[in-house]
Colleague: 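Here it is, the structure in full.
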Amino acid sequence: MKPIVLILALTAAPAFAQTCPPFEVDQTRKAEILSQMKVAPSDRIARQLSNELWDIWMKAPDEKSQRLLDMGVAKIGFGDFLGATETLNELVAYCPNYTEGYNQRAFSFYLRQDFSPALEDLNRAIALTPDHVGALAGKALTLIGMGRVEAAQEPLRRAVRLNPWLSERAFLTEPLDVEL
């Protein structure tokens, strides 16, 4: 019986050994976009730049992680937040260093008003990518949803400093020294 167990373990090993490949964001392009966003002359230009940032963030490390991300985002779009969370759980387990897995899972929690796990995921996303405008704004909105308006100001200010045109700037309790 032992040889059968050994054969099964050896043939199953490749399936268990599959892990997320290392992933590198184009830091030069991201820095260019963030720099341009700070001086964007209009909301329209800032939105175009923001879309370019999302294109960078939504590019997953490999085909499997991209499929999981796309499925999770689609489920969010269909209002299947529990299904999205399950799919994004799989993505995070497979790619624990991929920021957008945490950010999108946080969004699915947020939409269910399950703020504590959303905040945990947003903190993880920000730890991985401190200049992730979406995660910073998401953290601020989550804290506001928890009734923690004052605590929301710090991540919101960080997000608005990166993107002065961010619509969430309306939640600032005191104006930021950023001209529009």
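Along the sequence shown, residues are numbered consecutively beginning with 1.
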Colleague: Strictly distance-based, threshold 3.5 Å: is any side-chain N or O of Y102 a donor or acceptor partner for the main-chain N or O of P96?
Modeller: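 Looks like yes, one N/O pair under 3.5 Å.
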Colleague: Quick one: does any side-chain atom of E86 pair with a main-chain N or O of G72 as donor and acceptor, under 3.5 Å?
Modeller: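 Absent.
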Colleague: For the CG atom of L122 and the NE2 atom of H132, what is their distance to the nearest 0.5 Å?
Modeller: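 That separation rounds to 9.5 Å.
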Colleague: Just jot down the ring-ring contact (aromatic ring centres under 6.0 Å, His included) partners of Y98, sequence neighbours excluded, or say none.
Modeller: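 Here the qualifying residues are F23.
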Colleague: Under 3.5 Å, is there a donor-acceptor pair between the side chain of W165 and the main chain of A40?
Modeller: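 Here the side-chain-to-backbone pair exists.
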Colleague: With a 3.5 Å distance limit and no angle check, can you tell me whether E168 reaches the backbone of L141 through a side-chain donor-acceptor pair?
Modeller: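 No.
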Colleague: Would the distance check show the side chain of S42 and the main-chain N or O of I45 forming a donor-acceptor pair, the cut-off being under 3.5 Å?
Modeller: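 Checking the backbone N and O of I45 against the side chain of S42, a donor-acceptor pair under 3.5 Å is found.
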Colleague: Output every pair passing salt bridge (Lys or Arg N to Asp or Glu O under 4.0 Å) with a member in residues 107-134, not counting sequence neighbours, ordered by first then second residue.
Modeller: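 Matches after skipping sequence neighbours: K30-D131, R105-D121, R112-D114.
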Colleague: Quick one: salt bridge (Lys or Arg N to Asp or Glu O under 4.0 Å) partners of E90, sequence neighbours excluded?
Modeller: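 Salt bridge (Lys or Arg N to Asp or Glu O under 4.0 Å) check on E90 returns nothing, list empty.
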Colleague: Could you tell me whether a side-chain N or O of E174 sits under 3.5 Å from a main-chain N or O of Q153, the two making a donor and an acceptor?
Modeller: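 Flag not set: sc E174 to bb Q153 has no pair under 3.5 Å.
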Colleague: Output every pair passing salt bridge (Lys or Arg N to Asp or Glu O under 4.0 Å) with a member in residues 54-83, not counting sequence neighbours, ordered by first then second residue.
Modeller: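 As it turns out, there is no salt bridge (Lys or Arg N to Asp or Glu O under 4.0 Å) pair with a partner in residues 54-83 once direct neighbours are skipped.
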Colleague: State whether a side-chain donor-acceptor pair under 3.5 Å links N103 with E100.
Modeller: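 There is such a pair between these side chains.
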Colleague: Donor-acceptor check, side chain of S50 to backbone of A46, threshold 3.5 angstrom: yes or no?
Modeller: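 Checked: no pair found.
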Colleague: Taking salt bridge (Lys or Arg N to Asp or Glu O under 4.0 Å) as the cut-off, I'd like each qualifying pair that reaches into residues 42-52, sequence neighbours left out, listed once.
Modeller: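 As it turns out, the salt bridge (Lys or Arg N to Asp or Glu O under 4.0 Å) pairs with a partner in residues 42-52, which skip direct neighbours, are R29-E52, D43-R47.
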Colleague: Between S35 (side chain only) and A31 (backbone N and O only), is there a donor and an acceptor less than 3.5 Å apart?
Modeller: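 Checking the backbone N and O of A31 against the side chain of S35, no donor-acceptor pair under 3.5 Å is found.
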Colleague: Between R169 and L166, is there a donor-acceptor pair closer than 3.5 Å when you use the side chain of the first and the backbone of the second?
Modeller: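 Yes.
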Colleague: Using a 3.5 Å distance criterion without hydrogens, assess whether the side chain of R158 forms a donor-acceptor pair with backbone atoms of P130.
Modeller: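 Checked: pair present.
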Colleague: Holding to ring-ring contact (aromatic ring centres under 6.0 Å, His included), I want the full list of residues that pass it with F115, two or more places apart in sequence or in another chain.
Modeller: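 Once residues adjacent in sequence are excluded, the partners of F115 under the ring-ring contact (aromatic ring centres under 6.0 Å, His included) criterion are Y110.
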